[in-house]
Amino acid sequence: MKLKFFDLRVVFTVLLTLLSATALSHEFTKAGLLVEHPWARPTHAKSVPAAIYFNVVNKGEGDDRLLSVKSARAKAVEIHQTEVDENNIARMRPLKGGLAIPAGETISMETGGFHVMLIGLDAPLKKDERFPVVLNFEKAGEVTVEILVEDREAGMMHH
């Protein structure tokens, strides 16, 4: 069977689209947990803290808990929660005891809610850079994920 030039362009376009979608959505799984598209915004100075955002989907039968996060890119890494007080002032606070990931639920790490803070960066985060962090779960154990530095809105999630 001989393909026409037009047919080859269509095939090429479809393949390029599929490859682009795969590059944008990166996922990591272990022991029933799915970590969807971990990312961070670029920073302009290493003295500026950075936030990491992602979803954790617990497809397992039991609850789990995100206990800690490690990264060679920062002096300290903390799981934070944003709380709004009675004066409508938002404050980020370290989450004590880790973050519960109930069975069958999705926990979103996003602006205005739960997120991971990188404090004392070794260098600014550059757009399109990728770097590893290790998520430490109570039951699933350590899960190494790759953070993609993207210049986009925190509420947007690729799937």
Side-chain angles (χ1 to χ4, degrees), residues 20-159:
S20 296
T22 301
L24 287 175
S25 69
H26 57 289
E27 300 176 340
F28 304 85
T29 59
K30 184 176 180 186
L33 295 179
L34 169 65
V35 178
E36 297 177 318
H37 197 76
W39 69 281
R41 284 192 189 95
T43 61
H44 300 291
K46 68 181 189 177
S47 62
V48 175
I52 297 174
Y53 307 103
F54 54 89
N55 285 339
V56 180
V57 182
N58 187 344
K59 296 182 174 188
E61 294 181 17
D63 297 346
D64 209 332
R65 179 173 294 278
L66 178 60
L67 299 173
S68 63
V69 182
K70 296 185 287 190
S71 173
R73 292 296 313 271
K75 291 179 183 171
V77 183
E78 298 176 347
I79 303 166
H80 277 205
Q81 180 177 16
T82 302
E83 298 173 339
V84 180
D85 66 17
E86 64 276 354
N87 297 317
N88 208 26
I89 296 174
R91 299 187 199 291
M92 292 184 298
R93 305 244 189 254
L95 195 61
K96 293 181 171 47
L99 176 60
I101 314 290
E105 292 193 24
T106 299
I107 301 298
S108 295
M109 305 293 264
E110 59 192 6
T111 298
F114 300 114
H115 54 279
V116 173
M117 292 299 299
L118 300 174
I119 302 162
L121 293 171
D122 63 352
L125 301 182
K126 304 281 188 203
K127 186 175 186 266
D128 297 325
E129 172 186 0
R130 293 175 183 261
F131 63 93
V133 300
V134 179
L135 308 176
N136 181 29
F137 292 93
E138 185 174 57
K139 294 180 182 163
E142 290 188 347
V143 180
T144 300
V145 301
E146 184 176 70
I147 306 302
L148 175 59
V149 180
E150 298 181 282
D151 193 12
R152 64 183 176 109
E153 295 298 316
M156 287 179 45
M157 290 298 295
H158 290 290
H159 294 286

Quiz item: Does Asn55 offer a backbone N or O that forms a donor-acceptor pair with the side chain of His37 under 3.5 Å?
Solution: no
Quiz item: Taking Asp64 for the side chain and Glu138 for the main chain, is one N or O donor matched with an acceptor at less than 3.5 Å?
Solution: yes
Pairwise distance [atom1]([X]) to [atom2]([Y]) - rounded to 0.5 angstrom:
X      : Y     : atom1 : atom2 : answer
Leu125 : His44 : CG    : NE2   : 10.5 Å
Thr111 : Tyr53 : OG1   : OH    : 3.0 Å
Thr106 : Lys59 : OG1   : NZ    : 8.5 Å

Taking the side chain as C-beta and beyond, is there a heavy-atom pair between [X] and [Y] under 4.5 Å?
X      : Y      : result
Phe28  : Glu146 : yes
Leu121 : Thr43  : yes
Val48  : Pro124 : no
Glu36  : Val57  : yes
Asn58  : Lys139 : no
His80  : His115 : yes
Leu33  : Ile101 : yes
Arg73  : Pro132 : no

Self-check item: Result of checking Leu135, Ile79, Leu118 against Ile52 for side chain to side chain contact (heavy atoms under 4.5 Å, CB included)
Solution: Leu118
Self-check item: Name of the residue among Arg41, Arg130, Glu129 meeting side chain to side chain contact (heavy atoms under 4.5 Å, CB included) with Val149
Solution: Glu129
Quiz item: Would Val116 and Met109 count as a side-chain contact (heavy atoms from CB on, under 4.5 Å) if you check the C-alpha gap in whole Å, the side-chain angles of each, and the deciding distance to 0.1 Å?
Solution: CA-CA 7 Å; Val116 173; Met109 305 293 264; 3.6 Å; yes
Practice problem: Would you indicate whether Asn88, at its atom CG, is surrounded by more than 12 heavy atoms from other residues, nucleotides or ligands within a distance under 6.0 Å? | Solution: no
Quiz item: Which atoms form the tightest heavy-atom contact between Ala40 and Ala51, and what is the distance?
Solution: CB-O, 3.3 Å
Exercise. Begin from the C-alpha positions of Phe54 and Val145 and carry the test side-chain contact (heavy atoms from CB on, under 4.5 Å) through to its verdict.
Key: CA-CA 10 Å; Phe54 54 89; Val145 301; over 6 Å; no
